[in-house]
Undergrad: 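Provided herewith is a single structure, encoded as structure tokens, for subsequent inquiry.
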Protein chains: 2
Amino acid sequence: MKLKELSAKLGLSQTTVSRALNGYPDVNEDTRQRVLEAARLHDYRPDALARRLATGRAMAIGHVIPTSTKHEMVNPVFADFIAGAGEAYAKAGYDMILSMVGDADEARVYRDFAKTRRVDGIMVHAPRTGDTRIALLQDLGLPFVVHGRVSAEEASYSWLDVNNRRAFQRATELLLDLGHRRIALLNGLEEMDFAMRRRAGYQEAHEARGLKPDAALIASDEMTEQYGYHTAHRMLASDAAPTAFIASSMIIAIGVRRAIEERGLQMGRDISVVSHDDALSYFHTPDTVPIFTSTRSSVREAGQLAAEMLLDIVAAPETAPRQRLLEAILTVGQSTGPAPSTG
Amino acid sequence: MKLKELSAKLGLSQTTVSRALNGYPDVNEDTRQRVLEAARLHDYRPDALARRLATGRAMAIGHVIPTSTKHEMVNPVFADFIAGAGEAYAKAGYDMILSMVGDADEARVYRDFAKTRRVDGIMVHAPRTGDTRIALLQDLGLPFVVHGRVSAEEASYSWLDVNNRRAFQRATELLLDLGHRRIALLNGLEEMDFAMRRRAGYQEAHEARGLKPDAALIASDEMTEQYGYHTAHRMLASDAAPTAFIASSMIIAIGVRRAIEERGLQMGRDISVVSHDDALSYFHTPDTVPIFTSTRSSVREAGQLAAEMLLDIVAAPETAPRQRLLEAILTVGQSTGPAPSTG
DNA sequence: CGCGCAACCGAAAGCGCTTTGGATATCCGC
DNA sequence: GCGGATATCCAAAGCGCTTTCGGTTGCGCG
């Protein structure tokens, strides 16, 4: 059933039927009802391909997800972020098209999206320090929102981020308040903008008290369980072992816990752990008292908000860029306690 | 730069330019070169919207991912599966459009995809036992591939699956060979087809030796770390504790390990654990001797193969349905050992 | 009664490509 | 030198919608 047939059946022009269905004003309410009725009856739904060409809008948002350089890793936060974003798109009748691409091909993909008009906007994931994508997208004139930030010129584009610096500052302060002085930071890859901010927060908290973190206690790598385990294992075995860990992700923290328990130590009593928790659904803890003390921020919610922001921008591209900074919630769980009194 | 302008600049008709670019035969090789050159020079790329309408092909594949009923969980295997599939699509010039949707709305989404012609084919995820989606899709006449299977009428549609029954049968046999007699199964939700198959394999292995598993040792739930931990914790505390666990996912296994170690037991010596490993990238272990004994099967590879299969079917819809059964690799790691000799 | 103004509806022109159905020119064998 | 391949190109008709620009009607009003 296509528009032509439907309008023939109704004895109306395609124009009127189209208008009736799309809620335009100048069509009699009675005929609109007739049209709607007939459309329902024949299960008519306009061909998206034709509609897109006619309107010039692709009714789609592109998410281009970089597959990490080192291993071909897919960061699990994407799943949740996308789930949140997808909800917003579905509500607005937009498609979400995903493009997983190696760093090398990213620029090509963006250009292609722009040229072929396959998307109305783009969500930028995992910005790196000094990321060139923002400039490229501005140049292409394609609406976009960055999940995260790139340090330079934050006002010139739209982004949504969690306050990573603040979150890690607070986590560090908590541990310092508990008397810890040797606090390890298991960060993500420091080419990532968020990782730099986290490290900055960690350092600022130290400096505010005239302390200086031991460089040997700062690690940086792709956020896997293995990384958490091996790094914690190594650090705990050293002469100047830390009494506390801050982990950049729940998965790292799980590895840290394993290393701690393997040494016969108890997390929360002997060694404290604070983790950043992206509230990934499959780690969601229904426990009343959470295992891990964490700085929590729902990636899924971020996805939804970022998507809504992007849709707004697509609808009104000429307005000023929007920014939104979410605060992480610091929740104290069982994994932190006072620093063991040292001899 | 649109086709019209490009052809004007070349002094050729749109027809010829279009043909030249799309590799049609009846165009002089010289002029084809001229056209290609000009296209490169002006960075011409055909408008996807127009092309789609003209060809009637959406050049897109839909992945509709059910967000689990219980919690709003996003199964992390999707990330890897999609990464693999995305590769195949990119190579073929197809878009991947993602639709995350509650169980209730699935049928609506499928119908909508079919009616509005937004996709050329659909990947069906996470089939449940007695899933009605296959019948619906067959009815709609939309090409599709199922990742997994639904037990009835396996020959009437295309699917790609791992041999879950066999994998769990072998895992169970391994443990039985090691002398274990009380083997717990921490399965996924048994409304999922794959979970039923895994359970069947587990049971068949027992029955082949005239054994009967204790129903109290079989659990089934959403595959989270918490579930693994709590269930193992409970079972280990009972009078008739298991000496081995089979976990349906790595994340469950991590929870099991935690429960084991928390009791002061050592995994691999006191309690054995075999896990099914979907080879998710962020759990990828670069260790030479893997921690967990596991039945391993790369979800990412499955995604790629399933996508290629689907593209084949889209290209030739009238051919017979394809099926492909992947075998999991059983790798012995450090988490299994002989059953402790009981008094 | 004639004019202006709403209110309602339609014909037709796109949207930017692909594809059909010829045209034209060249070339071959006989 | 002629019928018929063969190679090369083009005009124009879609694809199924939206949207522009008018065209009718009906009605209030001077």
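Note on naming: letters A, B, ... go to the chains in the order of the sequence lines (proteins, then strands), and numbering restarts at 1 for each one.
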Undergrad: Produce a footprint string for nucleotides 12-19 of chain C: one letter per nucleotide, 5' end first; B if the base is under 4.0 Å from any protein heavy atom, S if only the sugar-phosphate is, - if neither.
TA: B-BBBBBB
Undergrad: Give a yes/no answer on whether the side chain of A:T31 brings an N or O atom under 4.0 Å of OP1 or OP2 in C:dC8.
TA: no
Undergrad: Quick test of your reading: applying salt bridge (charged side-chain N to carboxylate O under 4.0 Å, His left out), list the pairs with at least one residue in residues 88-100 of chain B, sequence neighbours left out, ordered by first then second residue.
TA: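 For residues 88-100 of chain B, and leaving out neighbouring residues, the salt bridge (charged side-chain N to carboxylate O under 4.0 Å, His left out) pairs sorted by first residue read A:R118-B:D95, B:R52-B:D95.
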Undergrad: Run the numbers on B:V314 and B:I61 for side-chain contact (heavy atoms from CB on, under 4.5 Å), then give the verdict.
TA: CA-CA 9 Å; B:V314 166; B:I61 301 293; 4.2 Å; yes
Undergrad: Please give, in whole Å, the distance from C:dC9 C1' to A:D30 CG?
TA: 14 Å
Undergrad: Give a yes or no on whether the ring-centroid distance for B:Y89 and B:H63 is below 6.0 angstrom.
TA: yes
Undergrad: Pick base, sugar-phosphate or nothing for A:D26, based on heavy-atom distances below 4.0 Å to the nucleic acid.
TA: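 Base, at least one base heavy atom under 4.0 Å.
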Undergrad: How about A:Q33 and A:E29: does a side-chain donor come under 3.5 Å of a side-chain acceptor?
TA: yes
Undergrad: If only side-chain N and O atoms count, and only distance matters, is there a donor-acceptor pair under 3.5 Å linking B:S18 with B:T15?
TA: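 The criterion, which ignores hydrogens and geometry beyond distance, is not satisfied for B:S18 and B:T15.
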